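Report on one structure; see the data block that follows.
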Amino acid sequence: MKKICIAVAALLAGISLVGCSNDEPTTRPTEVPTVEPGQTVIVPSSVKICLPDGTPMVALSNLMAEGLTYDGSLVGDGTTETVFEAVPASGIATAFSAYGADLAVMPTVTAAQLYAQGNELVFLSANVFGNLFVVGVGGARSLEDLTGKVVYTTAGTTIALLEYELAANGIAFVLGSEAQEGVVTLYSMAEASMYLPLIKQAQVKGGEAYGVLGEPAVTKCMTSVATESYIVADMQAEYEALTGEAGYPQACLVASKSFVSAYPYYIETLLTKLEGNDLYAKEHAEELPALFEANGSETLGGMAFTAETVERCNLGLVKGAQAKASVEAYLVNLSEYVEALRDISVEGFFYNAP
């Protein structure tokens, strides 16, 4: 595991901002504090951001590359040191608390579970709106075509979303390792990298194999692992067809309640910065692998990124309060397949910008 520190130059404003109310973890004061010349903005001297070693790193690419600059119209100097902690995707929940991180990018399902368990988290924004695709070789061209076949997947959001989409389309499925007539068999593995060789082997032998992949693994599979592989189903398009939502809030940015309360100006500046991340990632796609490797990734350094790869990552930013309805609907849709989501409450979870 690697730790990378970036000193971020900051021009401090000659103003003061009041922290968030302690009564509600996600609310800002109803009145924005008056800005007076000569006052000082309170910003953190250092920030630790924990994120999965994978696609979610793309959601912070412009922050990694350019750092964060505070309002240049103000006078004074200051720095904020940003520490990126890249961890295995399956360990993000534990890592966030174990490493004392201030912020984290994590699956929305995980964040909701942590909040419901009593962790004082604030949902700052939705940042990844679905990057999952069924990819394979063998002839299937739709979810329905997967009937009678095995589809490799991983645990958590990946298998839950596929289960939801199959059921909502009236397609029967079972869990197992052997194909069965009349149903889609879902075989869960620890990591998606474990079934890339199976897709390659199927191509070599003229057989068939299918698995759920996220970008940039989709690009890697189709361009270097199994060049005859193709996208069988776009799970974002499937979700939109079922719900009318253009994508789903797959991954989000969260922060500790105390950090949001202490540094509201930093939070607003950060969210404004990340609103431009999608465009940055598309324009600098080829530079991303080296950037991620330099910032702690042990899996993305050898990946190939193109503008199309980034497009399929479905990046964006919707601030907490504006994402609330979409997130709640998403959690309800997956709750039948994720027991921990049943009957949980996420009231008070979502950040309200001034």
Side-chain angles (χ1 to χ4, degrees), residues 51-66 89 105-108 125-136 141-143 154 157-158 161-162 165 192-193 196 199 210-253 271-293 295 297 299-319 322-323 326 330:
L51 68 171
D53 185 0
T55 307
M57 296 190 80
V58 187
L60 300 185
S61 55
N62 70 338
L63 178 65
M64 290 180 184
E66 300 175 340
V105 178
M106 63 177 64
T108 299
S125 59
N127 299 74
V128 180
F129 295 87
N131 73 318
L132 297 174
F133 301 81
V134 180
V135 177
R141 298 289 174 175
S142 67
L143 290 179
T154 54
T157 300
T158 305
L161 182 65
L162 182 55
E165 292 184 351
S193 59
L196 282 174
I199 297 175
Y210 307 95
V212 180
L213 299 174
E215 284 290 10
V218 174
T219 296
K220 179 178 181 179
C221 183
M222 296 192 299
T223 60
S224 61
V225 175
T227 56
E228 295 177 14
S229 63
Y230 54 89
I231 292 175
V232 176
D234 179 335
M235 295 176 68
Q236 293 65 238
E238 296 290 341
Y239 190 86
E240 182 174 5
L242 292 168
T243 67
E245 293 280 343
Y248 49 93
Q250 181 178 346
C252 61
L253 178 66
L271 293 176
T272 298
K273 172 72 175 181
L274 294 178
E275 285 176 345
N277 180 71
D278 184 17
L279 180 60
Y280 176 89
K282 290 176 183 176
E283 292 181 344
H284 298 82
E286 294 182 0
E287 303 165 21
L288 295 181
L291 175 67
F292 298 145
E293 188 171 28
N295 283 282
S297 175
T299 65
L300 298 179
M303 294 287 190
F305 278 83
T306 65
E308 184 179 11
T309 304
V310 175
E311 184 72 26
R312 286 198 292 255
C313 287
N314 284 307
L315 305 175
L317 187 142
V318 178
K319 291 183 180 180
Q322 288 69 46
S326 177
Y330 173 64

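Model, not experiment: these values are computed from the prediction.
For the residue pair Y248 and Y330, the shortest heavy atom distance occurs at CD1-CE1, 3.6 Å. Of all the heavy atoms in P56 and V105, the pair that sits closest is CB-CG1, 3.5 Å. Across every non-hydrogen atom of I199 and S229, the tightest pair is CG2-CB, 4.3 Å.
In this structure, the side chains of S297 and D53 come closer than 4.5 Å at one or more pairs of heavy atoms. Within the 4.5 Å cutoff, no side-chain heavy atoms of V135 are placed close to those of V232. Proximity of Y230 to R141: side-chain heavy atoms (C-beta onward) are separated by under 4.5 Å at one or more points. No side-chain heavy atom of E275 sits less than 4.5 Å from a side-chain heavy atom of L271.
Going from atom CD of Q250 over to atom CG of N127 covers 11.5 Å, rounded to the nearest 0.5 Å.
Residue-environment remark: NZ (K220) stays at or below the threshold of 12 foreign heavy atoms within 6.0 Å. Dense packing is recorded around CD of E287, with more than 12 heavy atoms of other residues, nucleotides or ligands lying under 6.0 Å away.
Between the side chain of T309 and the main chain of T219, no donor-acceptor pair closer than 3.5 Å is present. Under the 3.5 Å distance criterion, the side-chain polar atoms of Q236 are matched with a main-chain donor or acceptor of L132. Within the 3.5 Å criterion, the main-chain N or O of L63 finds no donor-acceptor partner in the side chain of N277.
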